[in-house]
There are 2 protein chains.
Amino acid sequence: MLVVRRSGVEMSEHSLQTLIAFFEARDSLTDSERETLERLPHRRHSFHRNEEMVETHTRPKESCIVLKGLAARAVYLKNGARQLTAVHVPGDFVDLHAFLLKFMDHSVIALGECDVAFVPHEQLLRISEEQPHLTRLFWMSTVIDAAIHRSWLTCIGRRSPEQHIAHLFCEVYLRLETVGAAKDMTFEFPVTQAEMADMLGLSVVHVNRTIQQLRAKGFVNWDGATVTIKDFARLSQFSEFDPTYLSLMKTPR
Amino acid sequence: MLVVRRSGVEMSEHSLQTLIAFFEARDSLTDSERETLERLPHRRHSFHRNEEMVETHTRPKESCIVLKGLAARAVYLKNGARQLTAVHVPGDFVDLHAFLLKFMDHSVIALGECDVAFVPHEQLLRISEEQPHLTRLFWMSTVIDAAIHRSWLTCIGRRSPEQHIAHLFCEVYLRLETVGAAKDMTFEFPVTQAEMADMLGLSVVHVNRTIQQLRAKGFVNWDGATVTIKDFARLSQFSEFDPTYLSLMKTPR
DNA sequence: CGGCAAATTGACACATCTCAAAGCCTGTGG
DNA sequence: CCACAGGCTTTGAGATGTGTCAATTTGCCG
C-alpha cells in the first residue's frame, strides 16, 4: 500500500509511480515491466476544476492516467442534468477504456486541479502485442473500474443516501491510501456538494442535509476540501462497505 | 448484426456462435481466431430461474458465457434487498471479469431458463499469452460491460423511471439483435416485475405503475415474457437512448 | 378445479425535490 | 485594510414522487 521507490530514487516528476503503485498493490511486476511503465512515452497536462480532459463522442488517440488530484466521468442529459459515473484518483488509468471502445460515451472532467498523463494508443497496442502479463494488468484496471461501477449501482439503487455517502468515503479513502495519496484517515476531496449530488443522483439540498446527519453521527467530517473519517470501522459497517470489489489482494494475474 | 454461419453449416449445439457474433459485430476475426473460439474447451450447464451460476466471494476457476436465455449480476444486502447490476444476453462473456478480479464481488444468476458455457481460466490464460488480438477482443467485451454499467448509473441516477425502463428495452433489444437473438422489434424477456424493480432500484408497485404508463403511451408492450417495441424511434428518443456505449461499430481493435 | 406466483389496485406515510432566500466564506480591487 | 462580488453552503416551506402494506385479481400449471 506504499508508493514504490526504487533504490533510493525519489518519486520522479517524470515517471508514473502512482500507476505502478496501483499495480503493485495487486500483483508483482518484473523489473522489465516496471521499466516499461517508467519509460512509457506520454505527455503531461494540468486541468482546472470542471475542465474536460476527454470529450464525449470523440475518438481519442491517447488515454489518460491521473497523476494528481481527482477526475470524474460525466454524462450530460438534454434537460441540463448531469450524472457523474465515476471518480478517479492518482494512479487510475482512467481512459484506458477508450483504447478498446474507440468512441467516448462520456466525458472525463477534472474535479479541482488535476494533473494527468496522456499515453498514445500506439504504445498500448505495442504492449498488448508484446507483454501479455502487463496487458492483463491493464485489463484488470478496467475490470476494477467495472466493479466500482457495480458498487455504485448498488449504492444508488438500494442504499440510503446516508449509507451511499459513507460508502463513497470508505472507497475513496482506500483507493487513495493504496497508491500512497492518503493516510491517517484524512484525504483531500475538492468536490462541491453540487458535484457530489451528481454522483449520488440526488439534489444538492438533500446532499447537504444528509451530510449534516453523517456529521451528527460523528462518523466523518467533511470540511472544505478535506474529509476526515473519524471511525472507519463504524463508517464501513454502517454502509456495509466490503472492499472485495477493489481487488486489493496481491496475487498473480 | 447477424449470426455468423460458415459455409452452410448450421449453428452448432457445440460451438460458441453467439460469442463469435458478438465479436464480429465489432471487429473482424481471422479464420484462425474463429477456429480458436469454435474449439474453445468448455463445459455446458443449464440453470433454472433464480439459480446462482456463480456465487459471491468465491474464487472461480472458470468463466461463463451465456448461450441461451438471460442472466444477471446480483448483489444481496443485509436487509434482504437486492440490486441487479447487469443483465446478460446470449453471446455475453459474463464472467470474464473473474479471470482478472479473482474474487467475485457479486453473484451471477439465471433469469428464467438459461444455458451457459464455462471456460477454464487456463484456456483464457493461454489465449492471453498467445493471441494478442483475441485478447483485446475479450478485453473489449469487459469494457463494454463497464460502459453498460455507466449507462445504467445514468439511468438510475438522473432519468425518470419511465425513461429508465424505456432505455433498458432499447438496450436489450439492440444487444439481442446484434447476436441474432431478436428481430422485428420483439424479444423474449422472462423477467418478473420484482426482478425489474431490483434492476431499476424501485419498488415492485412503482414498476407496475410505470409500465402501465409506458403501455398507455403506446411505445411498448410487455405481456408475459414477451416485449414488443411498437415504435423504436419514439422509445429511444423519449429515453434519450444513444447506442454509442454498446460499441456496435465494426472497426479494428 | 385448486393452488401458487405474479400482477394490479388503493390508501396512506415518508423521502426527496423544487424554489427561494439567507448566510458564509474567499479572493479581489479600491 | 475594508467592502464587495461570486460561489458555495445552509435553511425553510410546500409540492411531488416513491415506498409500504394489505387486499384483490389474473394467469398458469398440475
Side-chain angles (χ1 to χ4, degrees), chain A residues 48-51 70 72 77 79-84 109-113 154-166 188-217 220-228, chain B residues 48-51 70 72 77 79-84 109-113 155-166 169 188-217 220-228:
Chain A
H48 303 299
R49 154 173 305 253
N50 253 314
E51 239 184 304
L70 297 180
L77 305 190
N79 65 3
R82 176 175 84 159
Q83 178 71 39
L84 300 182
I109 64 170
L111 295 175
E113 204 64 18
T154 305
C155 282
I156 201 169
R158 289 298 186 212
R159 291 193 218 277
S160 69
E162 248 185 312
Q163 285 180 304
H164 193 169
I165 295 177
E188 289 307 291
F189 195 63
V191 174
T192 66
Q193 293 185 5
E195 287 160 343
M196 195 69 159
D198 286 339
M199 293 180 204
L200 305 168
L202 296 171
S203 68
V204 187
V205 172
H206 203 66
V207 168
N208 183 280
R209 289 180 171 135
T210 305
I211 289 163
Q212 291 178 49
Q213 290 172 36
L214 275 177
R215 264 199 283 259
K217 284 208 165 81
V220 67
N221 212 336
W222 180 13
D223 185 22
T226 309
V227 171
T228 307
Chain B
H48 302 300
R49 156 173 304 254
N50 253 312
E51 239 185 303
L70 297 180
L77 305 190
N79 64 3
R82 176 175 85 159
Q83 178 71 38
L84 300 182
I109 64 171
L111 296 175
E113 204 64 18
C155 283
I156 202 170
R158 289 297 186 212
R159 291 192 218 278
S160 69
E162 247 185 314
Q163 285 179 303
H164 192 168
I165 295 177
F169 284 158
E188 289 308 292
F189 196 63
V191 174
T192 67
Q193 292 184 5
E195 288 161 342
M196 194 69 156
D198 286 338
M199 292 181 203
L200 305 168
L202 296 172
S203 68
V204 188
V205 172
H206 203 68
V207 167
N208 182 282
R209 289 181 170 132
T210 305
I211 288 163
Q212 291 178 49
Q213 289 173 34
L214 276 176
R215 265 199 284 259
K217 284 207 163 85
V220 68
N221 212 336
W222 180 13
D223 186 20
T226 309
V227 171
T228 306

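Quick note on labels: first sequence line is chain A, next is B, and so on, each numbered from 1.
No donor-acceptor pair closer than 3.5 Å links the side chain of B:Q193 to the backbone N or O of B:V207. Without hydrogens or angle criteria, A:R49 side chain to A:P190 main chain gives a donor-acceptor distance under 3.5 Å. The main-chain N or O of B:W222 is found under 3.5 Å from a side-chain atom of B:R215 such that the two form a donor-acceptor pair. Distance alone, capped at 3.5 Å, places no donor-acceptor pair between the A:R158 side chain and the B:L84 backbone. Under the 3.5 Å distance criterion, the side-chain polar atoms of A:Q83 are matched with a main-chain donor or acceptor of A:M199.
Following rounding to the nearest Å, B:R49 (CZ) and C:dC4 (P) show an atom-to-atom distance of 18 Å. Between A:E195 atom CD and D:dG7 atom P the separation is 14 Å, expressed in whole Å. Rounding to whole angstrom units, CG of residue B:N50 and C1' of C:dC4 are separated by 16 Å. Remark: P of C:dA7 and CD of B:Q212 are 12 Å apart, rounded to the nearest angstrom. For the pair B:D223 CG and C:dA6 C1', the computed distance is 13 Å after rounding to whole Å. In this structure, CD1 of B:I211 is placed 12 Å from C1' of C:dA6, rounded to the nearest angstrom. In this structure, A:Q193 places its CD atom 8 Å from C1' of D:dT10, rounding to the nearest Å. Summarising the geometry, the separation between CE on A:M196 and C1' on C:dT16 is reported as 17 Å, rounded to the nearest angstrom.
Neither OP1 nor OP2 of C:dA7 sits under 4.0 Å from any side-chain N or O of B:R215. Taking only side-chain nitrogens and oxygens, B:N208 never comes nearer than 4.0 Å to OP1 or OP2 of C:dA7.
Screening B:T192, B:L111, B:I109 for a side-chain contact (heavy atoms from CB on, under 4.5 Å) involving B:N50 leaves a single residue, B:I109.
Within the 4.5 Å cutoff, no side-chain heavy atoms of A:E188 are placed close to those of A:L70. B:T228 places none of its side-chain heavy atoms less than 4.5 Å from the side chain of B:V220.
Each end of the helix from C:dC1-D:dG30 to C:dG30-D:dC1 gets its own rotation axis from five pairs of C1' atoms, and the angle between them is 30° to the nearest 10 degrees.
Applying the side-chain contact (heavy atoms from CB on, under 4.5 Å) criterion to A:T210, with sequence neighbours excluded, gives A:P161, A:E162, A:I165, A:H206.
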How would you summarise protein contacts on nucleotides 13-28 of chain D per nucleotide, using B for base, S for sugar-phosphate only and - for none, with heavy-atom distances below 4.0 Å? B----SSBB-------
